Number of protein chains: 2
Amino acid sequence: MDTRTYLLDCAETAARQRGYDAFSYADLAREVGIRKASIHYHFPLKADLALNLIERYAERFFAALDEIAGRQVSPADHLRAYHAIYRNALANGTQLCLCVAMSAGRSSLPGPVLDRVNQFHADSVAWLAAIFATGIRDGSLPSEIDPDAEGMATLALMEGAQLIARAAEDLTLFDSATASFLSRLNSRNTSRSSA
Amino acid sequence: MDTRTYLLDCAETAARQRGYDAFSYADLAREVGIRKASIHYHFPLKADLALNLIERYAERFFAALDEIAGRQVSPADHLRAYHAIYRNALANGTQLCLCVAMSAGRSSLPGPVLDRVNQFHADSVAWLAAIFATGIRDGSLPSEIDPDAEGMATLALMEGAQLIARAAEDLTLFDSATASFLSRLNSRNTSRSSA
DNA sequence: GTCTATAGACTGATAGAC
DNA sequence: GTCTATCAGTCTATAGAC
């Protein structure tokens, strides 16, 4: 693997485990096995590294969502797959989704990176809203819910559940926090006929 | 006001706006108007300050919850008041609940402080679960929900909604994320008779 | 591309005068 | 209780040799 990619991989893990400002070029150099001055060749400023990090992550993340959206399954199954992404990203309670990690350490984030984080949120809500809208249209989800609000609520639930589970390093807290979301998906498609 | 209290007030604001490791004794000294060495007289280690911070905050927070629980109103009203606390704590999208801020910067947190944060979460879930249990008992909330899971979900939703709203410094994102939670409270007490 | 060496600023923390 | 002065350690970042 080339050094640049290796640096991004290590930096991503560090940022997700400890936060953006809690890992340094010195840490990174030690782990990758080069000197910290050499990192500046690949990423002159730490802000460059951060921007590459979130952009690479968003690309990967939304590619996964595209793959999920393309599956010929119910909207509820799409949402279950979305849930699974956040659950897996937790890595047993040791690390957060990069976007959650960066939302958390907002203050020290370079402006463009913060913008990217907010766009990540907006894109996520748009994806979720589309799924909910489909579910309402085909009758598998109740029509009184608002797709946008439900999308925002789902994103907030996942981020909050990750935060709580990681604080205690206990994956079961994530499962507990999202249990009612999942069970609401089950009850819906058996409940009502049209309204 | 005595210096110690003033220090705690300024530190709390700083931690909630920028995070625990993003404010220094130098910042604090500048704001309070004493030298940073003097802060060490009141709080020898920054860990001492952090522990006092979270303990004072938890005391205030759960006193507010006690006051809410004592009101002679419906469980749904109790939950609406709980929601209002998190909404107000956001201060228009500029700062987080201290517990959310500390969950976020977990890595650099002294052990005892992290323990206190996790206890804060557990106590919150217990309080919420009791409210949900009451609502199920009196028939105002549907009986198929699990009080503990619903409590965890509610806490996660509030924390996640705060995180997203603060990232964009936009209170309306909090409102959007919690709208379906609130509307679920409305629909319940008019829907079913016993089951 | 990677290195050594260094700059300049900042961190939490301590010693000791007043 | 607050001060001055200082310490050792960390950080991001740069200059210039190889």
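None of the values given here were measured: they were computed from a predicted structure. The chains referred to below are lettered A, B, ... by the order of the sequence lines, with proteins before strands, and numbering in each begins at 1.
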Angle class for the A:Phe61/A:Phe120 ring planes (parallel below 30°, perpendicular above 60°, tilted otherwise)?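 Rings of A:Phe61 and A:Phe120: tilted, 30 to 60°.
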
Hey, does A:Arg80 have a side-chain heavy atom less than 4.5 Å from the side chain of A:Asn186?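 Heavy-atom side-chain distance check passes, below 4.5 Å.
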
Can you name the nearest heavy-atom pair linking [X] to [Y], along with the distance?
| X | Y | value |
| --- | --- | --- |
| B:Lys46 | B:Tyr20 | NZ-O, 2.9 Å |
| A:Leu8 | A:Asn52 | CD2-CB, 3.9 Å |
| B:Ala167 | A:Leu114 | O-CD1, 3.6 Å |
| B:Ile131 | B:Pro75 | CG2-O, 3.6 Å |

Phosphate OP1/OP2 of D:dT2: any B:Tyr41 side-chain N/O under 4.0 Å: no

When you measure from the side-chain N and O atoms of A:His42 to the phosphate of C:dT2, is any distance below 4.0 Å, counting only OP1 and OP2? yes

Any side-chain donor-acceptor pair under 3.5 Å between A:Asp27 and A:Ser24? yes

Side chains of B:His78 and B:Thr134: is there a donor and an acceptor less than 3.5 Å apart? no

In terms of side-chain heavy atoms of B:Ala26, which of D:dG1, C:dT2, C:dT11 is nearest? C:dT11

Starting from P on D:dT14, measure out to NE2 on A:His40 and report it in whole angstrom. 7 Å

Rounded distance (Å) that lies between atom C1' of D:dC3 and atom OH of B:Tyr25: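 After rounding, the reported distance stands at 17 Å.
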
Name every residue in residues 3-19 of chain A that has at least one heavy atom under 4.0 Å from any atom of DNA chain D, in order of residue number, or write none if there are no such residues.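 Here the set is empty: none.
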
Contact list for DNA chain D against residues 44-56 of chain B - heavy-atom distance below 4.0 Å: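 Correct list: empty, so none.
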
Near DNA chain C, counting only heavy atoms under 4.0 Å, which residues of residues 27-39 of chain B show up?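 Listed by number, they are B:Lys36, B:Ala37.
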
Just to be sure I understand the rule, does A:Phe43 reach a base, reach only the sugar-phosphate, or reach nothing, if contact means heavy atoms closer than 4.0 Å?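 Counting heavy atoms under 4.0 Å across all strands, no contact is made by A:Phe43.
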
Enumerate, atom names and distances included, each donor-acceptor pair closer than 3.5 Å involving a side-chain atom of residues 30-41 of chain B, sequence neighbours excluded.
| unit_1 | atom_1 | unit_2 | atom_2 | d |
| --- | --- | --- | --- | --- |
| B:Ser38 | OG | B:Arg35 | O | 3.4 |
| B:His40 | ND1 | B:Pro44 | O | 2.7 |

Sequence neighbours excluded - salt bridge (charged side-chain N to carboxylate O under 4.0 Å, His left out) pairs with any residue from residues 106-133 of chain A: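 Those involving residues 106-133 of chain A are A:Glu55-A:Arg116, A:Arg106-B:Glu169.
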
Hey, can you pull the donor-acceptor pairs under 3.5 Å for the side chains in residues 91-98 of chain B, sequence neighbours left out?
| unit_1 | atom_1 | unit_2 | atom_2 | d |
| --- | --- | --- | --- | --- |
| B:Thr94 | OG1 | B:Ala91 | O | 2.8 |

